[in-house]
Amino acid sequence: MDQARRDPPDGDLARRVQNGDRDAFEILARRYLRPIHAVAASFLRERADVEDAAQETFLKALRAIGSFDPNRPFAPWLYQIARNVARNRLAERKRHATEPVTDLARSLPDSAASPEVGVEGTELGHRIAEAIEALPEQRRTAFRLAEVEGYAAVEVARLMGLSPGAVRAHIHHARKDLRARLAHLVEDENEHADG
Amino acid sequence: MPTDNDRPDPLPKEWLPDSRVPPEGDDAYWSAQMSRLMAEAEPILSGNRREPAAARTSWMDALAVRWRPAAASALALAAGMVLAFVWQADHNTTAPHGRAIVLSTIVGEGEPAAVWQGAGVEADPTLAFLALETGTAQGDER
């Protein structure tokens with residue numbers, strides 16, 4: 001009983017949020033703030049982008065809460081919103097990246113560039129990030145949430161609205177893909193180190 | 001579906017990128033994120049308080065929730081209309097009132113003039129009887 005009062009189910013909280021209950025929203029937000037950041041981080045590289053996407057996700061969810069059926073699982077609904085928000089931001093980022101470089105950008109000193117570029121020893125890290133980004137979306141998200149952010153497969157499954165078996169399969173295939181893609185890079189790196 | 005036997009080993013730690021999300025224990029970071037979120041959420045929450053979810057539902061939402069009673073009402077209405085139509089059609093096919101009286105007169109009283117009267121002709125009773133007799137005789141001959 002006390003446990004239920006301390007950790008009310010998502011559905012009850014969502015119902016209260018539908019009637020403008022601030023406390024219920026705060027509990028839900030605290031519960032999912034980090035997982036939603038992690039979802040956004042599986043799409044976006046910059047910390048500021050990840051934070052903005054997470055904030056936008058919760059605000060969008062709050063605006064749309066009236067259409068949410070509290071008898072259905074809340075986490076996958078929120079996850080879908082996060083996914084759409086992050087995708088849109090990523091598309092926007094890519095669109096801006098293809099725009100011609102402005103004079104202002106040209107005048108920036110080199111130190112403003114990403115710390116990963118041109119720094120000794122991080123080229124492999126950069127390639128790994130690229131290889132992860134090249135994974136199919138669900139595989140990449142499941143992999144990042146479980147392997148990088150440290151969530152259990154069951155937690156990832158609950159958030160993504162998948163079965164734990166499906167999440168384990170995604171992680172399995174992601175590991176396999178990454179091993180295949182990165183094996184030669186690691187060999188090259190080792191050869192350089194030996195030479 | 002992979003099993004525990006064919007599961008590939010976890011990737012080496014050095015292969016994994018750093019987390020882009022601060023750890024759960026970084027209270028200062030998460031408090032700042034929560035404060036920012038709650039500040040931006042407040043106007044939306046006040047809107048929800050003024051207009052609770054029940055009042056916000058549109059007629060489509062209401063229909064989505066109450067589609068069974070709505071469908072039953074529509075079906076009952078349609079059935080009523082069909083019944084009314086059938087009754088009306090049945091009513092239209094009954095014999096005209098005037099002709100029914102004439103036939104009953106013939107059957108009841110054997111008055112041939114009433115036949116002509118039914119057709120709107122004022123007939124002499126004798127001539128009407130003769131005309132009827134002649135017609136019947138001609139019909140018998142054929």
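Proteins come first, then strands; the chains are lettered A, B, ... in the order of their sequence lines, and each starts at number 1.
Of the two parts of R34(A), the backbone and the side chain both hold a non-hydrogen atom closer than 4.5 Å to a non-hydrogen atom of chain B. Only the side chain of R144(A) has a heavy atom closer than 4.5 Å to any heavy atom of chain B. For E42(B), the part sitting under 4.5 Å from any heavy atom of chain A is the side chain, from C-beta outward, and nothing else. Only the side chain of I132(A) has a heavy atom closer than 4.5 Å to any heavy atom of chain B.
No side-chain heavy atom of I128(A) sits less than 4.5 Å from a side-chain heavy atom of L16(B). Between Y29(B) and H37(A) there is a side-chain heavy-atom pair separated by less than 4.5 Å. Between M38(B) and F25(A) there is a side-chain heavy-atom pair separated by less than 4.5 Å.
Taking chain A as the reference chain and counting heavy-atom pairs below 4.5 Å, the highest number among E24(B), R36(B), E40(B) is found for R36(B). Residue with the most contacts toward chain B among E147(A), R47(A), R15(A): R47(A) (heavy-atom pairs, distance under 4.5 Å).
Across all their heavy atoms, R20(B) and A41(A) have their closest contact at NH1-O, 2.5 Å. Minimum interatomic distance between A29(A) and L37(B) (heavy atoms only, all atoms of both residues): CB-CD2, 3.7 Å. Heavy atoms only, all atoms of each residue included: D21(A) and L45(B) are closest at O-CD2, 4.1 Å. V148(A) approaches P17(B) most closely through the heavy-atom pair CG1-O, 3.5 Å.
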